[in-house]
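Structure, as structure tokens:
Note that these values count all heavy atoms, side chains included, but never hydrogens, waters or copies made by symmetry.
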Amino acid sequence: MTKYSDKVMEHFSNPRNVGEIPDADGVGEVGNPVCGDMMKFTIKVKDNRLEDVKFLTFGCGAAIAVSSIVSEMAKEKTLEEALKISNKDVAEELESLPKNKMHCSNLGADALHKAIEDYLQKEKSA
Amino acid sequence: MTKYSDKVMEHFSNPRNVGEIPDADGVGEVGNPVCGDMMKFTIKVKDNRLEDVKFLTFGCGAAIAVSSIVSEMAKEKTLEEALKISNKDVAEELESLPKNKMHCSNLGADALHKAIEDYLQKEKSA
Amino acid sequence: MKSINLDYGAAAPVDRAVLEAMMPYFREHYGNPSSGHDLGDKPAEAVAQAREKVAALLGANPEELIFTASASEANNMALKGGAAAYKKKGRHIITSAIEHFSVLNPLRTLEKEGFSVTYLPVDHFGRVDPAQLEEALTPETVLVSIMLANPEIGTIQPIKELAERAKESGAIFHTDATAAAGFVPLDVGELGVDLLTLAGDQLYGPKGSGALFTRRGVRILPLIEGGIQEKGRRAGIENVPAIVGFGEAARLAHENMAERMNRLAGIRDSLKEQLFTAIDHLHLNGHPGQRLPHNLHLSVKFVEGEALLMHLNNAGIYVSSGSTCTSQALKASHVLEAIGLSPELAQGSLLFTLGPENTPEDVPYVVQRLKDTTEKLRKMSPLYQKYLKEGVGSNDQIQ
Amino acid sequence: MKSINLDYGAAAPVDRAVLEAMMPYFREHYGNPSSGHDLGDKPAEAVAQAREKVAALLGANPEELIFTASASEANNMALKGGAAAYKKKGRHIITSAIEHFSVLNPLRTLEKEGFSVTYLPVDHFGRVDPAQLEEALTPETVLVSIMLANPEIGTIQPIKELAERAKESGAIFHTDATAAAGFVPLDVGELGVDLLTLAGDQLYGPKGSGALFTRRGVRILPLIEGGIQEKGRRAGIENVPAIVGFGEAARLAHENMAERMNRLAGIRDSLKEQLFTAIDHLHLNGHPGQRLPHNLHLSVKFVEGEALLMHLNNAGIYVSSGSTCTSQALKASHVLEAIGLSPELAQGSLLFTLGPENTPEDVPYVVQRLKDTTEKLRKMSPLYQKYLKEGVGSNDQIQ
Ligand SMILES: Cc1ncc(COP(=O)(O)O)c(C=O)c1O
Ligand SMILES: Cc1ncc(COP(=O)(O)O)c(C=O)c1O
């Protein structure tokens, strides 16, 4: 099978924070079924911190594991800290990803950032 | 190994009439080392009959077997009968030859006929 | 743990009897069939017998078979060798959009060399229409290559009708029967094909064995030139054990054809029925009737194939998928695209190819595991959650 | 009856340990290395390990190896693929007159396609002169192909010197090391070659295994196109058992190189000495020193090779010959012609290639039988009888 690290396999098998926050403060969606991966992050913000982060992912094993890890990394962080979570941070946290799956590691942070930006946008216009 | 009939193998292993008649009445040579086969027939004629036939052959298994068989076929025949030994007769006598060895069956009769012609030539000029 | 292979199209174990037939040719009768001495005799005989056995499977004359090392090699030889032999007559080739890459990629190369290639479309079942072939044929068309059955969606082509059209137009007809040989009765006379590719490893023979049937009188230039093995049509010392194994596998496939077909189709049908009963939103791909007996291809809506495959793998169930993420080239299957499957359904596609070790008892376990996995993945699928909320996305499919 | 193979160049039994290493990959780890599930893991690992072992034999990087099904395939790929990749740069190729037909015949095809090919002559020992290569090189020369060792006369070429000349001129250098690999230490770095062909079956591995070393940065177009096995450079499912066997055979050859060379050269030298002592009018062909350790090639004057071969065969001794009559194409060896051997000596040529089952104890029997046979055949040879009478024909040889 495609060689995933133990950590990736563990998150794939037992993903954390699966779901959709019904009255989310921010929503971020990236990808589409054509390219094979699609992620939706929903967040709940309290006192400038990510009180809750949930994801839905349509995608391969790496995409699911990445979503789970990003949601864990982001939870309880301030918005500024969470926005600083880079693709590189995710990749490091994952321990390793096969070369042809590296693009998945980008999607997770992208979706999270989009959700935060969505929240900030709404705040601004509120 | 190249598939020769039992008869060919038997003649190859125990060729009859090997040698050169020292005071031959006729000598026939065909072939050369370049094409791989060379035969020399010497004959002794008495009362218009082939009293003795001997051959020397440089060549493959088929060439040796053909020489031996032709020498046997020719012995004791009248010159007219011997001249009528055709390539087809030889091929039949051999039972079978691989396709790419069929040219060998021609060489034998050719050499014999040359020896007889050599004798007839000498007779004429004598 | 259980281990249920449902991906025998990718590879199958060499049949026990086949391996036994091969064994003496590794160390005992190891000679070179072309040798001028006795060490070549048994190997040469064995190759001749194998040739007869493979020919019998196809209704061909033994001399019409050229042994190769793979189906890919046979396809390359048929196309490049056929194009080279007939290029003075014309430079147009016709194929279908759902061929294997060992047909499509040589054709791309021929296009670079000045040939023009028509890629016939297929219908939603994956069938090529003989009338469309007829339209595409021109006096310039020298070669038509259309596979007998597709290894992915299992669809069987109307080869006889297609070959007839090609013949009427004066073109050589090649069919890649790699996925079909051994699982569908084949007769090159009846089919009317000029060139036919098959491989031993697909019919429980060894890897490294393939052949190109080349009808007497049809000329192709060799791909691998050198010695005069295979009458100068394919150089290199004969891989005697592989050829012997191929022959024995062909003999067994020929003898047991009906029984194998029935057994495999039986398990396949029960797998299909139970899956469609247990799981919602499945989509059958390929032709409902005209398909390989050991092939089942479906799409699990709202989820992605690699994730399905990984969960099944962890449960000891081995399948494959046409999804982007399971392809090493990171491209979704061109076959699924050609039958007009939506990208979403292509991503959720699963290919089951049944084989010798499958039994009816495998079915309930597989069904249960795929059901569990599907539920788990749908729970986290944004597409499924959207469907639950909005009821859309379920029927945006073409069929 | 005795059975003494002295024609291991034609074929050798698969080494026992090699076959054992292969066995698990027929039925147990039978998976497809490209599979997305666990059944592909062991096969993929095994292929990777085999690649490392073959690379180690050559001092290459594993990624620089492309596995093929034979030396012939590797040669065809090197020449046709190299020519295609570099044809924009130029269309001149240089080779030698004594290459294997799997080099010469692809070059004939390339000539038909507009390439020009220079066939370098060899000296009486079969050596190519680097100065002659240098002279033949032009800015148009894109490819040079000169074998490492000749399988017939055993002569080893000064590859390092030849490759240097090619490199200076900007041409890609290919060497066919099929006869040499496993019997001569090889290091692609030291040799400076860009492409190198070898085959597993020549070094006691299985038939159906070969490889082309392709130096990083050297581009060749693939011969067999399709799937992305071998990084897209050679399509078709990996023949895992054959590759595993090739790897193990390469490892054994590498580890036991010196011992094997000494053992084989020892028996070969004693065979040579005893033959030349026992039989008059023998003629050694090939280079006296720069030759393969397991190779002996000589001409038995006044007699023809097939007849020798048949008598030896009936005594359980298996050899081969470069004579017209032992060739299926009915042509005397082009190698013997190229070294300037007279037609008569070419007809009486005998090739001994020693192998794993030969022992020093074989030698006296072989010598006695060849002596008896030679006497028997000379007795009926018109050339020998002429020599006896006239004393001519014995020294009309070039050396
Ligand atoms: C030097 C050389 N090259 C190439 C080949 C071709 O090998 P194969 O017939 O295994 O393809 C041979 C065969 O003996 C050889 O000796
Ligand atoms: C229809 C078809 N053709 C050709 C091939 C190529 O086979 P191989 O990889 O054995 O060369 C395959 C492989 O599965 C196939 O299914």
Side-chain angles (χ1 to χ4, degrees), chain A residues 1-6 8-22 24 27-42 53-68 70-71 97-105 107-108 111 114-115, chain C residues 7 10 299-333 336-337 341-349 372-390 393 396-397:
Chain A
M1 208 172 67
T2 312
K3 285 292 148 291
Y4 289 124
S5 67
D6 289 348
V8 172
M9 282 306 290
E10 206 276 314
H11 274 273
F12 167 72
S13 301
N14 307 297
R16 336 293 196 241
N17 306 310
V18 168
E20 204 168 356
I21 300 169
V27 179
E29 265 188 318
V30 296
N32 62 63
V34 180
C35 67
D37 295 301
M38 196 176 161
M39 288 181 197
K40 182 178 186 178
F41 271 71
T42 45
V53 179
K54 286 204 184 300
F55 76 89
L56 291 175
T57 290
F58 168 95
C60 66
I64 290 170
V66 161
S67 311
S68 170
V70 167
S71 73
L97 263 191
K99 229 188 266 166
N100 63 353
K101 298 287 181 180
M102 283 311 287
H103 70 282
C104 294
S105 70
L107 283 178
K114 270 206 174 174
Chain C
D7 189 23
S299 292
V300 181
K301 195 146 188 175
F302 308 121
V303 299
E304 190 276 336
E306 195 208 49
L308 283 168
L309 202 147
M310 282 172 68
H311 277 301
L312 291 174
N313 180 79
N314 293 343
I317 298 168
Y318 309 108
V319 297
S320 89
S321 167
S323 81
T324 307
C325 295
T326 52
S327 121
Q328 291 193 357
L330 288 185
K331 285 191 64 169
S333 156
L336 302 184
E337 196 180 310
L341 204 64
S342 73
E344 191 198 321
L345 285 179
Q347 298 301 353
S349 64
D372 293 350
T373 296
T374 301
E375 280 168 8
K376 185 167 177 162
L377 291 173
R378 281 185 180 160
K379 218 171 262 165
M380 71 176 85
S381 163
L383 299 169
Y384 188 62
Q385 297 307 324
K386 188 172 173 207
Y387 160 74
L388 287 183
K389 268 195 260 174
E390 307 173 16
D396 58 353
Q397 184 48 32

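- Here the side chains of A/M9 and C/N314 are in contact, with some heavy-atom distance below 4.5 Å.
- The backbone N or O of A/V18 sits nowhere less than 3.5 Å from a side-chain atom of C/K379 that would complete a donor-acceptor pair.
- C/E304 contributes no side-chain N or O that, together with a main-chain N or O of A/F58, makes up a donor-acceptor pair within less than 3.5 Å.
- Other residues, nucleotides and ligands place more than 12 heavy atoms under 6.0 Å from the CD atom of C/Q385.
- Minimum heavy-atom separation, C/A307 to A/G59: CB-O, 3.5 Å.
- Counting non-hydrogen atoms of other residues, nucleotides and ligands closer than 6.0 Å to NZ of A/K114 gives a total of 12 or fewer.
- Checked by atom type and distance alone, the side chain of A/K40 never pairs as donor or acceptor with a backbone atom of C/L383 at under 3.5 Å.
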- How far apart are the C-alpha atoms of C/S381 and A/M38, what are their side-chain angles, what is the distance that settles it, and do they pass the side-chain contact (heavy atoms from CB on, under 4.5 Å) test? CA-CA 9 Å; C/S381 163; A/M38 196 176 161; over 6 Å; no

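- Distance alone, capped at 3.5 Å, places no donor-acceptor pair between the C/E344 side chain and the A/P33 backbone.
- Side-chain atoms of C/Q347 come within 3.5 Å of backbone atoms of A/V34 as a donor-acceptor pair (strictly under, hydrogens ignored).
- Inter-residue side-chain proximity for C/P382 and A/M39 is flagged as unmet; no heavy-atom pair is nearer than 4.5 Å.
- When heavy atoms are compared at a cutoff of 4.5 Å, A/S13 approaches chain C by way of both its backbone and its side chain.
- You'll find the side chain of C/M380 stays beyond 4.5 Å of the side chain of A/S67, heavy atoms only.
- Salt bridge absent: C/K386 and A/E20 never bring a charged side-chain N and a carboxylate O closer than 4.0 Å.
- At a 4.5 Å heavy-atom cutoff, the contact between A/D37 and chain C is made by side-chain atoms alone.
- No part of A/A63 comes within reach of chain C, as not one of its non-hydrogen atoms sits under 4.5 angstrom from that chain.
- No more than 12 heavy atoms of other residues, nucleotides or ligands lie within 6.0 Å of CG in A/D6, so this atom counts as exposed by the packing criterion.
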